[in-house]
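Pasting a structure below so you can have a look.
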Amino acid sequence: MFNLNFQLIASGTVLGTMFFSSTIFITLVIARYSTLAKLIRDSRTQIENKNITFKSNQEYFFHIAHYEKRLRLLKQTLYLSLYGGVALCISFLSVVMNFELLGVYTFALHLILILLALVTLVYELALSFEALNEHLDIMKSWKDKFNTK
């Protein structure tokens, strides 16, 4: 049914490459989470200080819904990538201890988890682009406020 290639995983090159790419990916997700957390905190402060006003309740709830979706997706992405990193470590340990079947299966699990994390990250990025396009449209509507030549 499946052709399990233990030698490919046991060579160390694949595990080493995936280890560094996984840690870079996790760092990227944490940076995106930190940026979103700062954006949410700053937005809260600006709303409390009445520096930001919304045209309607719909506009306010639109922003809140986008923040919630992005936060949920980043949380899923982070958990998937962290569990993928754990699966990779278990795979590496299995290779060292000569548990071939466990090493191959946990490596396959790692790849699946990282793939799912990438899918959720792409979806989160799409939501981010949607919000940025809305802000850009608002800024374009302000062109009458400024003397542009």
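Nothing here was measured: the structure is a model prediction, and the numbers come from that model.
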Next on the checklist: To the closest 0.5 Å, what do you measure between OG1 (T45) and CD1 (I40)?
Outcome noted: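 Here the interatomic distance stands at 12.0 Å.
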Next on the checklist: Using the rule side-chain contact (heavy atoms from CB on, under 4.5 Å), only one of L74, T35, L78 pairs with I30; which is it?
Outcome noted: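 So, applying the side-chain contact (heavy atoms from CB on, under 4.5 Å) to I30 and each of L74, T35, L78, only L78 qualifies.
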Checklist entry - Cluster question for you: counting only ILVMFWY and a side-chain heavy-atom cut-off of under 4.5 Å, with indirect links fine, are L36 and L28 together? => result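 Same cluster: L36 reaches L28 through Ile, Leu, Val, Met, Phe, Trp or Tyr contacts under 4.5 Å.
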Next on the checklist: Just to verify, what does S43 make a side-chain hydrogen bond (donor to acceptor under 3.5 Å, both in side chains) with, not counting sequence neighbours?
Outcome noted: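 Checked S43 against side-chain hydrogen bond (donor to acceptor under 3.5 Å, both in side chains); matches are Y67.
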Next on the checklist: Check whether S94 reaches the backbone of I90 with its side chain - one donor and one acceptor, N or O, closer than 3.5 Å.
Outcome noted: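 Side chain of S94 to backbone of I90, a donor-acceptor pair under 3.5 Å: yes, one is there.
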Checklist entry - Rounded to the nearest 0.5 Å, how far does CD of E124 lie from CZ of F129? => result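 Those atoms lie 9.0 Å apart.
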Next on the checklist: Please tell me whether L118 and L125 are part of a single hydrophobic cluster in this structure, the criterion being side-chain heavy atoms less than 4.5 Å apart.
Outcome noted: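 Yes, it is one cluster - the side chains of L118 and L125 are joined through contacts under 4.5 Å.
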Item to check | Heavy atoms from other residues, nucleotides or ligands near CZ of F62 exceed 12 (cutoff 6.0 Å) | outcome: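 More than 12 within 6.0 Å, yes.
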Item to check | Sequence-distant partners of S22, side chain to side chain contact (heavy atoms under 4.5 Å, CB included), two or more places apart | outcome: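 Counting only residues at least two positions away or on another chain, S22 forms a side chain to side chain contact (heavy atoms under 4.5 Å, CB included) with L88, H110, I114.
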Item to check | Residues F107, V95; criterion side chain to side chain contact (heavy atoms under 4.5 Å, CB included); working and verdict | outcome: CA-CA 10 Å; F107 185 75; V95 166; over 6 Å; no
Checklist entry - With sequence neighbours left out, what residues match Y123 under ring pair (Phe, Tyr, Trp, His ring centres under 6.0 Å)? => result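 Y123 satisfies ring pair (Phe, Tyr, Trp, His ring centres under 6.0 Å) with no residue once adjacent residues are dropped.
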Next on the checklist: Taking side chain to side chain contact (heavy atoms under 4.5 Å, CB included) as the definition, give me every residue that meets it alongside L93, ordered by chain and number, with sequence neighbours left out.
Outcome noted: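 Testing L93 for side chain to side chain contact (heavy atoms under 4.5 Å, CB included), a comparison that skips the adjacent residues, returns M97.
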Item to check | Heavy-atom closest pair, residues S81 and A117 | outcome: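 In terms of heavy atoms, the two residues are closest at N-CB, 3.9 Å.
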Checklist entry - Which distance, rounded to the nearest 0.5 Å, do you find between the OG1 of T27 and the CZ of R32? => result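 Answer for the OG1-CZ pair, T27 versus R32, is 14.5 Å.
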Checklist entry - Which heavy atom of R70 sits nearest a heavy atom of L127, and at what distance? => result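 Closest pair (atom of R70, atom of L127, distance): CG-CB, 3.9 Å.
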Item to check | Inter- and intrachain pairs under salt bridge (charged side-chain N to carboxylate O under 4.0 Å, His left out), touching residues 34-49, at least two apart | outcome: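 Of all non-adjacent pairs touching residues 34-49, those that pass salt bridge (charged side-chain N to carboxylate O under 4.0 Å, His left out) are K38-D42, R44-E48.
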Item to check | T77 to V29 - nearest heavy-atom pair and separation | outcome: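 Heavy atoms only, the tightest pair is CG2-CG2, 3.6 Å.
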Checklist entry - Is there a chain of hydrophobic side chains (I, L, V, M, F, W, Y, each step under 4.5 Å between heavy atoms) that links I26 to L115? => result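 Cluster IDs for I26 and L115 differ.
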Checklist entry - How many angstroms lie between CD1 in I64 and CZ in F61, if you round to the nearest 0.5 Å? => result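 Here the interatomic distance stands at 8.0 Å.
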Item to check | Fellow cluster residues of I112, listed by chain then number, with links counted only when side-chain atoms sit under 4.5 Å apart | outcome: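 Reading the cluster by chain and number, I112 sits alongside Y79, L80, Y83, L109, L113, L116.
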